[in-house]
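What follows is a short report on a single structure.
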Amino acid sequence: MPTRHTMLHLLGLAAALTLASCTGSDDAIHVCVSNPSGTDRTDVPVVINLHEVLGRRAAEVMSATVTASASAGSAAGEPIPSQLDDLDGDLVPDELAFVADIPAGTTAQFSIAFSATQQQQHFAPRTDAFMKVWDRKYRYPRINSIEYTGDNAPLATYDAIYGHGAQWESELVGFRVYMDNRQSIDIYGKPTPQLVLDSTNFYSTREHMAAGLGCDILFAGPSVGAGSFRGYVDGEPTYVDSVSARGQRVVASGPVRAIVEVTDRNWVYAGTVLQMRQRYTIYAGHRDVEVSIDLRGDGAEEALFCTGVQKIEMQNQGFIDAEAGLVGSWGLNVPDKAAPDLVEGVGLGVCVDTAYLAATKEDAYNYLTIVTPRNGSIRYRLAICALMEKGGFADAGSWFQWLRRWQREQAEPCTVSIR
């Protein structure tokens, strides 16, 4: 069996994957998802690496159908939502993803049939990701990717994107990452679960809010915001300055997961030159985001970086649990300084696997986790909540309790086997 660190690295903190001999037909595999914990798990991410499972035959896959046994909460043989994702843009699917509810102490079984022909399956989207460009005709078309030369002024690249950067969401929460040297994560709250960002684009009007579409809920200022990735120099977080090019790309968008990518070419940092790729992945039914940082360059393994959560503007409460790699905060703030009457309550959390954790620190603005790469990678998760959520979190105590349960679930993941 792989170590916990290996499992988390391979699947980005999703369900762990253990390969066994495949006894299914040439175009089908059988998957078992086990929940070893004493608590029910909902919307457990199941990720299948097609190259490991199918080898060269992965290049032939055009579609896939996932069916669940009755014990997995669906009628036997009924297709469940899934998606094939091409992660590297070579037009060959790399992973298949779906989510499943797994009761405590049980194992659910699934069959996956692959086909070399395109089969249309229509599932209601539960996640979305997109980028849009500013358009003087007010059409704001979606784009898949964009890259700017590094000599552009940060404000120019920031303002050229409608919404200021790539956006992604589940039914519960929304995010964007700024298209500039800050690369800050901004967050969006929703009173009720639904996909809304394509309509509001983080620019919620009072009419949007009155209609229950939610709004931007955080003013980040000079902080790390909600799990933004930063350099760490002389004891302080730093932006991603001095690059030859910076870009963003939508890797995947629904129905069950959305992936956004940020790249920085030739980042001059800590006396070396680094190539960096950040990926942000959200699954249906989740309020947390898996963050994958990949770094190449001499000296990358010795360099320090940081992430964490900000101290909230008003009535802040927060904590650092260094042993668990967990930080959290809760409080009130005014996200839009032009609308001081709109006060939003927000909870933030970041959990870093201790394999990457070098130290923790509290400063004037943040609760920080200081991190360092292992084999060129850093992995962590961020999570958010909004006070506006109906039936959600009413105070710091309930949010911090959820964060600690979330961290324990990561330490005891569901496991996936293929037979």
Side-chain angles (χ1 to χ4, degrees), residues 1-20 30-48 66 68-76 80-81 97-110 126 170-173 193 256-257 281-290 319-328 330 347 349-355 357 379-385 389 391-419:
M1 290 289 291
T3 65
R4 174 173 173 261
H5 173 66
T6 300
M7 292 190 294
L8 297 178
H9 176 73
L10 287 175
L11 292 183
L13 300 176
L17 174 61
T18 304
L19 295 180
H30 303 283
V31 178
C32 297
V33 184
S34 299
N35 178 2
S37 74
T39 58
D40 295 343
R41 302 283 175 85
T42 59
D43 289 318
V44 173
V46 181
V47 181
I48 306 299
V66 180
S69 67
S71 63
S74 301
I80 64 172
F98 63 96
V99 296
D101 296 344
I102 314 296
T106 67
T107 296
Q109 299 183 21
F110 304 86
R126 299 181 61 195
S170 70
E171 316 100 308
L172 301 180
V173 289
V256 297
R257 74 172 176 179
T281 303
I282 195 165
Y283 288 89
H286 281 244
R287 66 175 62 253
D288 59 330
V289 175
E290 297 178 1
F319 72 91
I320 294 176
D321 184 339
E323 184 175 347
L326 181 66
V327 294
W330 170 276
V350 162
C351 185
V352 178
D353 186 87
T354 53
L357 187 64
R379 303 287 187 266
Y380 62 94
R381 286 192 183 189
L382 65 95
I384 69 164
C385 73
E389 295 175 23
F393 302 90
D395 52 34
S398 59
W399 174 238
F400 294 165
Q401 183 180 36
W402 185 93
L403 288 178
R404 295 187 184 282
R405 184 171 66 251
W406 173 61
Q407 186 275 330
R408 290 193 298 270
E409 288 181 355
Q410 294 177 61
E412 193 175 17
C414 291
T415 59
V416 178
S417 61
I418 298 176
R419 58 180 177 83

| message | If you define the side chain from C-beta out and look only at heavy atoms, does anything of L382 sit under 4.5 Å from D288? | response |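 The answer is no, as the side chains (C-beta and beyond) never meet within the 4.5 Å cut-off.
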Which atom names give the shortest non-hydrogen contact between [X] and [Y], and what distance separates them?
X    : Y    : answer
R287 : V173 : CA-CG2, 3.6 Å
C351 : A324 : SG-O, 4.0 Å
C32  : T107 : CB-CG2, 3.8 Å
A383 : W399 : O-CZ2, 3.8 Å

| request: Would you check if the side chain of S37 reaches a backbone N or O of T39 as a donor-acceptor pair within less than 3.5 Å? | output: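 Yes, the answer is positive, given that a donor and an acceptor are paired below the 3.5 Å cut-off.
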| field | Spacing of SG belonging to C385 relative to CZ belonging to F393, to within rounding of 0.5 Å | value |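 So the SG of C385 and the CZ of F393 are separated by 5.5 Å.
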| side-chain contact (heavy atoms from CB on, under 4.5 Å) between F110 and V416, intermediate numbers included | CA-CA 11 Å; F110 304 86; V416 178; over 6 Å; no
| field | Sequence-distant partners of S398, side chain to side chain donor-acceptor pair (under 3.5 Å), two or more places apart | value |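 S398: side chain to side chain donor-acceptor pair (under 3.5 Å) contacts with D395.
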| task | Name all residues meeting the side chain to side chain donor-acceptor pair (under 3.5 Å) criterion together with R404; count only those two or more places apart in sequence or in a different chain, and write none if there are none. | result |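 Counting only residues at least two positions away or on another chain, R404 forms a side chain to side chain donor-acceptor pair (under 3.5 Å) with D321.
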| said: If you apply the rule side-chain contact (heavy atoms from CB on, under 4.5 Å), what do you find for L403 with F319, and how did you get there? | reply: CA-CA 11 Å; L403 288 178; F319 72 91; 4.1 Å; yes
| field | Stepwise side-chain contact (heavy atoms from CB on, under 4.5 Å) check, D101 with D43 | value | CA-CA 5 Å; D101 296 344; D43 289 318; 4.0 Å; yes
| task | Determine, step by step, whether I48 and I418 satisfy the side-chain contact (heavy atoms from CB on, under 4.5 Å) criterion, reporting the C-alpha distance in whole Å, the side-chain angles of both residues, the deciding distance to 0.1 Å, and the verdict. | result | CA-CA 9 Å; I48 306 299; I418 298 176; 4.2 Å; yes
